[in-house]
Amino acid sequence: MNYKAPRGTHDIFLGDAMSISFLEFKAKEILKKYGFEEIRTPIFEDADLFVRSIGSNTDIVEKEMYIFEDKKGRKLALRPEGTASLVRAFIEHKIYNLMPTGKFFYIGEMFRYERPQLGRYRQFHQIGAEFFGNSSPSADAEMIILAHDLLSSIGINNTSIYINSLGCEKCRPHFRNALIEYFGPTKDLCNNCCRRLKKNPLRLLDCKIDSYKFINIPQILNYLCIKCRDNFDTLQVLLKGVNCSFNIDKKLVRGLDYYTQTVFEIRSSDLESKDTLIAGGRYDNLIKELGGPNTPAVGFALGSQRVLLVAKKQKLFSNLKKTEKILIAIANQELFSIAFSFAIKMLRNGLKGDKNISVFCPKNTENLTNQLKFADKIKASKVIIFAKDEFKKGKLLVKNMHNGIQSEDFINNFF
Ligand code: HAM
């Protein structure tokens, strides 16, 4: 039988595994600096949670969810994103009482049945951050700056920030009506657009087939109410105040329905597909709509694989410090258990205080030649050998695998 990883999924190993761990490590450092606390939610949820939050007329819900029934006939879905799960957990556990900062982050796999291509997978990793309870545009600015800092902390440059406002429940209906009027009977639209026109005309702005026809289309920014306009202006002032450059993308609507007011994306010219590296926005109604207290919120998610593609293109992680490997070997079988204890002690305490090492325990099934061959294979920097004559003098042999030079040292000197 010839099994392969399912289409659109990947085994991540060697340098890629190191890079993704490094990215997550750096992200945690920055997120903690901004006051975010980690939350882990299940990989699957009640399918209806995503339908209600992401929106029934979105691509994700219409065609990309992995839905299945469990043995009791419950309809579940592999999470296509993390925001809905976090909101569900926030309401279910009254997290607003337990974690009053309102700042949460999550790291994990998401699942979408998309057509696989470079940077677009069916299982992918996101690092997401959500800020609950702050309706000020300063929270939007903070999230945009945080998102940008996540990328610069690992050295990614050449990124551009795009922002837009989608208005609120007061002003958006006017824009919606303007769109319906614009698309009206005259435009020749694809089936999807025709279907969505009545229910959710904003989705038409996202259409890959028809968008070239949309000339002089109404712009949401011309329909914002005073409050939404003020917030959008303040956001820009705050970003400019910290020299965070951005572009206004008047067509930016995002593929999820829960957004209100600010939406944003960070893209990189080094990502061939022109897909986003990070995307997010404000969603002031979602928590209330899912049964929680009226709580404004803003957040984003970073796609780890896309960030790694850009990092590779910019040759960023090529010199990630590799851990030094040390093999403990035996020249004489009777020294095996002593050598094993020595290896465990070194695993726990490091070598002369250096803990950034990997220690490989001795094998009593291999002769010394084979143990040295193994050291070569795993690219060990040194082999510490327990040999009878030297051991009687309280010493061990140390073979430097880079230059082949062998020396002796007293056992006590290793710790
Ligand atoms: P999203 O735009 O659907 O937003 O995804 C966020 C990021 O996940 C994208 O910018 C991209 O880097 C990555 N991503 C999405 N789909 C794929 C895929 N098929 N393969 C690889 N990477 C992908 C959300 O998920 C929202 N929950 C973001 C958010 C959080 N909004 C508010 N809070």
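This structure is a prediction, so every number in the text was calculated from the model and none was measured. Order of appearance sets the numbers: ligands from 1, and atoms from 1 within every ligand.
Counting protein heavy atoms only, atom 26 (C) of ligand 1 is closest to Tyr258 OH, 3.4 Å. Glu114 OE2, 2.6 Å is the protein heavy atom nearest to atom 19 (N) of ligand 1. Among all non-hydrogen protein atoms, the one lying nearest atom 9 (C) of ligand 1 is Thr276 OG1, 3.5 Å. Among all protein heavy atoms, the one lying closest to atom 27 (N) of ligand 1 is Glu81 OE1, 2.5 Å.
In this structure, the ring of Tyr258 has its center less than 6.0 angstrom from the ring center of Tyr283. For Phe342 and Phe414, the ring centers sit closer than 6.0 Å to each other. The aromatic ring centres of Phe132 and Phe104 sit less than 6.0 Å apart. For Phe264 and Tyr162, the ring centers sit 6.0 Å or farther from each other.
If you number the atoms of ligand 1 from 1 as listed, the ones under 4.0 Å from a heavy atom of Leu256 come out as 3 (O), 4 (O). Heavy-atom proximity to Ile278, at under 4.0 Å, picks out these atoms of ligand 1: 10 (O). Listed by atom number, the atoms of ligand 1 under 4.0 Å from Arg254 heavy atoms are 1 (P), 2 (O), 4 (O). Taking a cut-off of under 4.0 Å to the non-hydrogen atoms of Tyr121, the atoms of ligand 1 that pass are 18 (C), 19 (N), 20 (N), 21 (C). Near Ala279, meaning under 4.0 Å from one of its heavy atoms, ligand 1 places the atoms 2 (O), 10 (O), 28 (C), 29 (C). Heavy-atom contacts of Leu277 reach the following atoms of ligand 1: 10 (O), 12 (O) (cutoff under 4.0 Å).
For the 3.5 Å distance criterion, the side chains of Tyr182 and Asn216 fail to qualify, holding no donor opposite an acceptor. With hydrogens and angles left out, the side-chain atoms of Ser85 and Glu45 include a donor and acceptor closer than 3.5 Å. No hydrogens or angles considered: nothing links the side chains of Ser304 and Gln126 as a donor-acceptor pair under 3.5 Å.
We find that Glu62 and Arg195 are joined by a salt bridge, their nearest charged nitrogen and carboxylate oxygen being less than 4.0 Å apart. By the 4.0 Å N-to-carboxylate-O rule, Arg267 lies close enough to Asp249 to be salt-bridged with it. Asp46 has no carboxylate O lying under 4.0 Å from a charged side-chain N of Arg74, or vice versa, which leaves the two without a salt bridge.
Polar contact check, Gly303 against ligand 1: a nitrogen or oxygen pair lies under 3.5 Å apart. For ligand 1, none of its N or O atoms has an N or O atom of Gly280 under 3.5 Å away.
The only option from Asp140, Thr262, Asn134, Asn231 that meets the side-chain hydrogen bond (donor to acceptor under 3.5 Å, both in side chains) definition with Arg282 turns out to be Asp140.
When the heavy atoms of Tyr283, Phe124, Tyr259 are ranked by distance to atom 29 (C) of ligand 1, first place goes to Tyr259. Closest heavy-atom approach to atom 17 (C) of ligand 1 among the candidates Met110, Arg306, Arg120: Arg306. Comparing heavy-atom distances from atom 3 (O) of ligand 1 across Glu265, Arg112, Glu130 singles out Arg112 as nearest.
Contacts between Gln126 and ligand 1 below 4.0 angstrom, taking non-hydrogen atoms only, involve the side chain exclusively.
Residue-ligand proximity: Gly119 is placed with a non-hydrogen atom under 4.0 Å from ligand 1.
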